Amino acid sequence: MLEGTHLTLATVWFLLWGVLWAVYFALDGFDLGVGTLLPFMAKTEEEKRIMYNSVGPFWDGNEVWLIAAGGVTFAAFPFAYSIMFSWLYTPLLLLLFGLILRGVSFEFRSKIEDPTWKGIWDKCQFLGSAIPTILLGVAFANIFKGLPFNAEYVNEVGLWALLNPYGLAGGVLFLIIFLSHGSLWLAIRATGDLQKRSEKLADTLWSVEFAAIVIFLIWTYLQTRIFQNYLANPLLLLVLAVPVLALVGQKVFIMASQWWLSWACSALTIIGATLFFVI
């Protein structure tokens, strides 16, 4: 009875861990995407202010989900936490520095009305958004593939092993998905020419996102054992229907210029895809 209870609690905590990460990706994904798009989309100071203001009220609240996901990992799986965070210490530290840069840029950019000053913080906003996005993708792709340890749980292959083709593909996938998510958010929150460019970009990025997801799923089948779980329990494949239908809905609502609904479908695609891999 105790063993069964322990397994049940472990499963519940693991699913909670997955849900927290999924919600974090969906919520922080759009502002990471907007920050990464900043130097490419904003052509004037007014458009830069629009982009900052579109995510300004939300970005710090979204980080709470990241803290909660890390806290659940520590509280529920301390042994896995110690190994994973030791192995991924350098990329997680870079991730933290990137998020700090991004947070500081929101607060400091408007303190001095000087183009050089603002330009520095615009670069910090871009780097503090793009680098964490890519690192999160690389880290999770390697977790899905499996981190190599010896019998003493020591990493013998070095940090560069993270930069394997599959891990880098995960970083590229996260970048594309978050850029798409961010462009949809700008289509909702922006005005004028910036809004029109965001709408056009969202439509273009959907095709890129679709192709990237298909390629990554095929690569996942070849590189990991994730699909073995689904072949052993075919009913679980229904989970895949959630992100697939949401991705299709995203395109349908883009064509109908229903940007809130398209953004919601994008969020559901991210949540469904994350839970698919976690399960």
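Just so you know, these numbers come straight off a predicted model, no measurement behind them.
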Can you tell me how the ring of [X] sits relative to the ring of [Y], calling it parallel under 30°, perpendicular over 60° and tilted otherwise?
X: Trp21; Y: Phe25; result: tilted
X: Phe14; Y: Phe77; result: perpendicular
X: Phe30; Y: Trp263; result: perpendicular
X: Phe277; Y: Phe144; result: parallel

Partners passing salt bridge (charged side-chain N to carboxylate O under 4.0 Å, His left out) against [X] (at least two apart in sequence or in another chain):
X: Glu199; value: none
X: Asp122; value: Lys48, Arg109
X: Glu113; value: Lys118

| field | Main-chain N/O of Leu247 paired to Trp206 side chain as donor or acceptor, under 3.5 Å | value |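 A pair under 3.5 Å: yes.
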| field | Trp117 side-chain N/O to Phe108 backbone N/O, donor-acceptor pair under 3.5 Å | value |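 Confirmed, Trp117 side chain pairs with Phe108 backbone.
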Would you be so kind as to tabulate the donor-acceptor pairs closer than 3.5 Å made by side chains of residues 97-104, with sequence neighbours excluded?
residue, atom, partner, partner atom, Å
Arg102, NH1, Asp31, OD1, 2.5
Arg102, NH2, Asp28, OD1, 3.3
Arg102, NH2, Asp28, OD2, 3.2
Arg102, NH2, Glu63, OE2, 2.3

| Leu95 and its side-chain contact (heavy atoms from CB on, under 4.5 Å) partner, picked from Thr133, Ile134, Leu135, Ile131 |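 For Leu95, the side-chain contact (heavy atoms from CB on, under 4.5 Å) test succeeds with only one of Thr133, Ile134, Leu135, Ile131, which is Leu135.
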Can you list, by chain and residue number, the hydrophobic cluster partners of [X] when the side-chain cut-off is 4.5 Å?
X: Val172; result: Ile176, Val208
X: Met255; result: none
X: Leu268; result: Val242
X: Val248; result: Val252

Acceptor/donor pairs from residues 66-73 side chains to any protein atom, 3.5 angstrom cut, sequence neighbours excluded:
residue, atom, partner, partner atom, Å
Thr73, OG1, Trp17, NE1, 2.6
Thr73, OG1, Ala69, O, 2.8

| Contact list for residues 235-253, test side-chain hydrogen bond (donor to acceptor under 3.5 Å, both in side chains), sequence neighbours left out |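 Every side-chain hydrogen bond (donor to acceptor under 3.5 Å, both in side chains) pair that includes a residue of residues 235-253, provided the two are not neighbours, is Ser180-Gln250, Asp203-Lys251, Glu209-Gln250.
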| request: Provide the full list of side-chain hydrogen bond (donor to acceptor under 3.5 Å, both in side chains) pairs with a residue in residues 183-194, sequence neighbours left out, each pair given once. | output: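 Matches after skipping sequence neighbours: none remain.
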Donor-acceptor pairs are to be reported for all side-chain atoms of residues 213-221 against protein atoms at under 3.5 Å, with residues two or more places apart or in another chain.
residue, atom, partner, partner atom, Å
Thr220, OG1, Tyr166, OH, 2.7
Thr220, OG1, Phe216, O, 2.7

